[in-house]
Number of protein chains: 2
Amino acid sequence: MGVTIKDIAKRAGVSVTTVSRALNGYKDIRPETRDRILRIAEEMNYRPNAVARSLVMKQSRTIGLIISGLTRSRAGHDLTFNIICGVNDRATEAEYDLVLSTTDPSRQEQVPYMELCRRRQLDGVILMGVRTDDPYLKEVLEASVPCVLIDVPLVGEKCSHVTLDNERGARLAVQHLIAEGHRQIGMINGHAQAFVSLERLNGYRNALKEAGIEYRPERVFFGDFEESSGQEGVRHLLSRFPETTAVFCASDTMAIGAIRELKAMGKRVPEDVSVMGFDDIELASFVTPLLSTVHQPFYEFGTRAVDLLIRLLKGELGTADVVEPHLAIRESTAPRCP
Amino acid sequence: MGVTIKDIAKRAGVSVTTVSRALNGYKDIRPETRDRILRIAEEMNYRPNAVARSLVMKQSRTIGLIISGLTRSRAGHDLTFNIICGVNDRATEAEYDLVLSTTDPSRQEQVPYMELCRRRQLDGVILMGVRTDDPYLKEVLEASVPCVLIDVPLVGEKCSHVTLDNERGARLAVQHLIAEGHRQIGMINGHAQAFVSLERLNGYRNALKEAGIEYRPERVFFGDFEESSGQEGVRHLLSRFPETTAVFCASDTMAIGAIRELKAMGKRVPEDVSVMGFDDIELASFVTPLLSTVHQPFYEFGTRAVDLLIRLLKGELGTADVVEPHLAIRESTAPRCP
DNA sequence: CCTGGTTTCGGAAACGTTTTCGGCAGGATG
DNA sequence: CATCCTGCCGAAAACGTTTCCGAAACCAGG
């Protein structure tokens with residue numbers, strides 16, 4: 001159907017070798033024949049067949065974006081989408097094709113990481129959404145195809161990652177709470193299978209310690225990043241520590257749930273209790289009160305991930321890219337009422 | 001690097017033909033040799049090379065998801081993401097790989113539709129975000145690779161589409177407004193380059209006509225689906241028709257902008273003016289007041305698009321899949337105050 | 001024993017590229 | 001004149017599959 005390199009060769013009266021040379025800009029070809037071939041290719045509307053090329057070159061100029069647990073969580077919408085956009089934009093800039101793939105822990109056992117890569121002959125992959133106990137994690141580190149992880153702080157020879165400085169982000173958040181006069185501060189964390197949860201917990205602890213406030217494990221509730229666990233979290237926290245005047249949530253979604261529950265309990269936000277989120281999703285700028293939170297540049301995560309991957313593809317060693325957090329202070333936090 | 005069919009053949013002492021036969025479950029092979037080969041393949045951890053297979057079979061078991069104007073619009077986030085999820089889920093179910101690709105009108109001129117398909121040897125594509133004046137639209141209809149359009153009501157021999165019954169959705173929306181007692185109803189439409197805009201306008205007109213209300217073209221403002229054009233829309237509409245008590249917006253995002261502007265003008269929503277949206281994006285359930293709107297099942301659009309494409313791939317003729325709208329009445333609409 | 005039909009298998013071409021190797025001119029050098 | 005580059009080009013192998021065609025081997029019927 002399509003016009004091939006052979007057709008051009010025939011029409012130009014040369015061999016396929018010469019056509020290939022002309023098309024790929026090699027030097028050992030007479031300029032006139034090169035131009036003639038190029039003109040003919042143009043006329044015949046020739047388009048190279050990437051599949052055939054991949055087969056012989058053993059690389060596909062394709063990167064895989066593998067997302068674990070995509071549809072499961074409602075929390076990740078805005079977040080995931082922006083990363084996808086960043087990856088896509090940067091990948092097409094660099095002339096890489098992008099194949100989208102999703103898994104979950106059970107599928108990860110069924111189909112191993114390397115099979116996924118080999119099947120499509122992926123040059124590299126960007127992996128997000130994996131949990132600490134996911135099978136892919138070990139596979140990735142000892143695999144032969146380069147990989148960059150998002151929000152998983154691991155590096156290997158052929159493995160980089162990009163993530164926020166989560167400890168610092170969390171620390172800034174509760175530092176702000178403390179600066180506003182709060183001392184009875186609870187935390188609603190994500191599940192323990194997420195790396196970021198542990199780091200954010202550390203940030204919370206460190207901020208308290210700096211301020212000379214005692215850390216009490218009972219003050220942190222482990223949810224699952226979803227709205228309902230935010231509600232559950234405040235019920236749990238407030239019943240045990242009614243004197244709480246501020247709560248730090250490890251996701252905006254949970255913060256929204258927390259606010260909803262606080263309102264249902266007759267508390268005012270932020271007058272009675274301040275709540276701080278994490279992520280700065282789009283919703284944070286639309287709910288009432290507007291959510292104070294720590295901003296994560298998700299789109300940039302996507303572009304950076306591609307950059308890291310391209311460096312890996314060039315043979316450079318794996319590296320870490322941790323981006324600076326900054327606060328977005330809005331309406332859901334306020335000075336503690338005396 | 002990877003183990004190939006040839007390695008298996010050597011180890012099993014048969015030809016590659018026989019191995020291929022065993023692997024693909026053909027019948028002209030002795031059951032014992034088939035089982036033996038299968039066992040060996042298993043042992044050697046063989047994975048077929050999809051690239052080589054694509055080359056010879058001239059089909060890739062890959063579908064392209066081409067999105068025009070992805071990052072440009074903030075309006076489309078939730079919408080686009082859900083469609084992507086639907087497409088992805090259904091595609092992996094059907095064992096198709098998904099390559100993500102984005103364009104915009106200018107890129108569409110540079111790289112023709114068919115080139116995109118041929119390069120990756122796509123079996124078919126799902127196309128969304130195209131406008132009435134986009135180059136791809138003509139190309140798609142006369143192209144040789146099957147295509148399903150989202151929200152573009154065109155069918156061809158190898159071209160299906162899935163869309164909401166937009167006329168009906170809009171009609172239901174303003175019928176509801178009319179039923180609430182409103183008669184001074186403005187409309188904030190999308191841009192004229194979107195098919196849905198025209199259909200929604202028809203719905204608006206038809207609902208008015210049914211109710212015996214005069215249709216006045218000056219009462220409809222053409223925006224661009226974005227929040228700011230919603231604000232602009234109410235300024236325009238309210239300055240010309242201060243007696244307006246309800247406005248129907250062709251997107252939730254514009255509705256949110258409209259509400260914001262109305263509040264800024266000192267009007268209460270819905271007491272002074274009702275506003276109705278379109279799309280039912282996630283945000284609609286979080287803003288205050290909660291947005292009344294017409295629901296679109298975006299995720300389902302994605303899955304249905306894949307189903308349509310698969311039927312096209314089987315050789316069936318192009319067809320239309322128009323899904324029934326239904327209203328989600330919440331807080332932003334209310335009976336007209338007497 | 002011959003014929004004809006199955007069953008089971010292998011050789012080889014094909015898909016569209018890239019790349020290695022070598023060949024043939026022509027000019028420069030000895 | 002012999003030798004050696006250098007510039008330009010073609011033949012052919014290779015990538016990993018699938019598939020067409022034919023060939024053994026076996027069996028049944030005559």
Side-chain angles (χ1 to χ4, degrees), chain A residues 1-38 40-41 44-62 95 97 114-115 117-123, chain B residues 1-38 40-41 44-62 97 114-115 117-123 145:
Chain A
M1 189 100 330
V3 27
T4 80
I5 217 178
K6 228 174 281 182
D7 302 322
I8 301 179
K10 199 174 299 175
R11 174 109 151 236
V14 297
S15 74
V16 293
T17 311
T18 308
V19 177
S20 179
R21 261 193 282 258
L23 260 20
N24 294 319
Y26 285 112
K27 57 284 149 199
D28 55 345
I29 182 173
R30 195 153 41 121
E32 300 110 65
T33 54
R34 180 169 50 79
D35 295 344
R36 192 163 51 88
I37 291 173
L38 257 31
I40 293 180
M44 299 181 75
N45 193 30
Y46 168 77
R47 305 295 166 193
N49 182 327
V51 174
R53 181 182 283 169
S54 299
L55 183 59
V56 54
M57 306 244 286
K58 281 150 172 285
Q59 49 156 327
S60 56
R61 261 204 116 64
T62 296
E95 308 218 281
D97 279 335
M114 277 308 295
E115 171 174 351
C117 301
R118 269 234 308 269
R119 266 230 347 249
R120 276 279 141 204
Q121 226 144 284
L122 298 177
D123 292 346
Chain B
M1 189 102 328
V3 29
T4 79
I5 216 176
K6 227 174 282 182
D7 302 321
I8 300 179
K10 198 173 301 176
R11 176 111 151 237
V14 297
S15 73
V16 294
T17 311
T18 307
V19 177
S20 178
R21 262 192 282 258
L23 260 21
N24 295 318
Y26 286 111
K27 56 285 149 196
D28 55 346
I29 182 174
R30 198 155 38 124
E32 300 108 68
T33 56
R34 178 169 52 78
D35 294 342
R36 192 163 51 89
I37 291 174
L38 257 29
I40 293 181
M44 301 181 74
N45 194 28
Y46 167 78
R47 305 295 166 192
N49 183 327
V51 174
R53 180 181 285 169
S54 299
L55 183 59
V56 53
M57 306 245 285
K58 282 153 172 281
Q59 48 157 328
S60 55
R61 258 201 120 66
T62 296
D97 279 336
M114 275 310 292
E115 170 173 350
C117 301
R118 271 232 309 264
R119 265 225 355 245
R120 276 281 141 202
Q121 230 146 278
L122 299 178
D123 292 346
V145 352

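Letters A, B, ... are given to chains in the order of the sequence lines, protein chains preceding strands, and every chain is numbered from 1.
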message = Before you tell me yes or no, could you show the steps for B:Ser54 and B:Arg61 under side chain to side chain donor-acceptor pair (under 3.5 Å), namely the whole-Å CA-CA distance, both residues' side-chain angles and the distance that decides it to 0.1 Å?
response = CA-CA 8 Å; B:Ser54 299; B:Arg61 258 201 120 66; over 6 Å; no

On the nucleotide [N], are OP1 or OP2 found under 4.0 Å from the side-chain N or O atoms that [X] carries?
| X | N | value |
| --- | --- | --- |
| A:Thr4 | C:dG16 | no |
| A:Lys58 | D:dG16 | yes |
| B:Arg30 | C:dT8 | no |
| B:Tyr26 | D:dC20 | no |
| A:Thr18 | D:dG10 | yes |

inquiry  = I'd like to know if the side chain of B:Asn24 reaches the main chain of B:Arg21, judged simply by a donor and an acceptor atom lying under 3.5 Å from each other, with no hydrogens or angles considered.
reply    = no

What is the distance from [atom1] of [X] to [atom2] of [N], rounded to the nearest Å?
| X | N | atom1 | atom2 | result |
| --- | --- | --- | --- | --- |
| B:Ile5 | C:dG10 | CD1 | P | 12 Å |
| B:Lys6 | C:dA12 | NZ | C1' | 13 Å |
| A:Arg47 | C:dC15 | CZ | P | 21 Å |
| A:Arg53 | D:dT17 | CZ | P | 21 Å |
| B:Arg34 | C:dT7 | CZ | P | 15 Å |
| A:Leu55 | C:dC15 | CG | P | 14 Å |
| A:Leu23 | C:dT17 | CG | P | 8 Å |

By the 4.0 Å heavy-atom rule, please label [X] as base, sugar-phosphate, or nothing.
| X | result |
| --- | --- |
| B:Asn49 | sugar-phosphate |
| B:Ser20 | base |
| B:Thr33 | sugar-phosphate |
| A:Val14 | sugar-phosphate |

note = Between B:Ala12 and B:Arg36 the two heavy atoms that sit nearest each other are O-NH1, 3.0 Å

note = To the nearest 10 degrees, the angle between the two end axes of the helix from C:dC1-D:dG30 to C:dG30-D:dC1 (five pairs per end) comes to 70°

Upstream residue (5' side of DNA chain D) when B:Met57 and B:Asp28 are each assigned their closest nucleotide = B:Met57

request  = Report, as yes or no, whether the 6.0 Å neighbourhood of atom CD on A:Glu32 holds more than 12 heavy atoms from other residues, nucleotides or ligands.
outcome  = yes

remark   = Considering only heavy side-chain atoms of B:Thr17, the closest of D:dC20, C:dT20, C:dT17 is D:dC20

query = Are side-chain N/O atoms of B:Thr62 and A:Arg120 paired as donor and acceptor at under 3.5 Å?
reply = yes

query = Taking for each residue the nucleotide of DNA chain C with the nearest heavy atom, is it A:Arg21 or B:Lys27 whose nucleotide lies nearer the 5' end?
reply = B:Lys27

request  = Apply side-chain hydrogen bond (donor to acceptor under 3.5 Å, both in side chains) to A:Asn49 and list each qualifying residue two or more places apart in sequence or on a separate chain.
outcome  = B:Gln121

query = Does B:Ser60 reach the side chain of A:Val51, with side-chain heavy atoms less than 4.5 Å apart?
reply = no

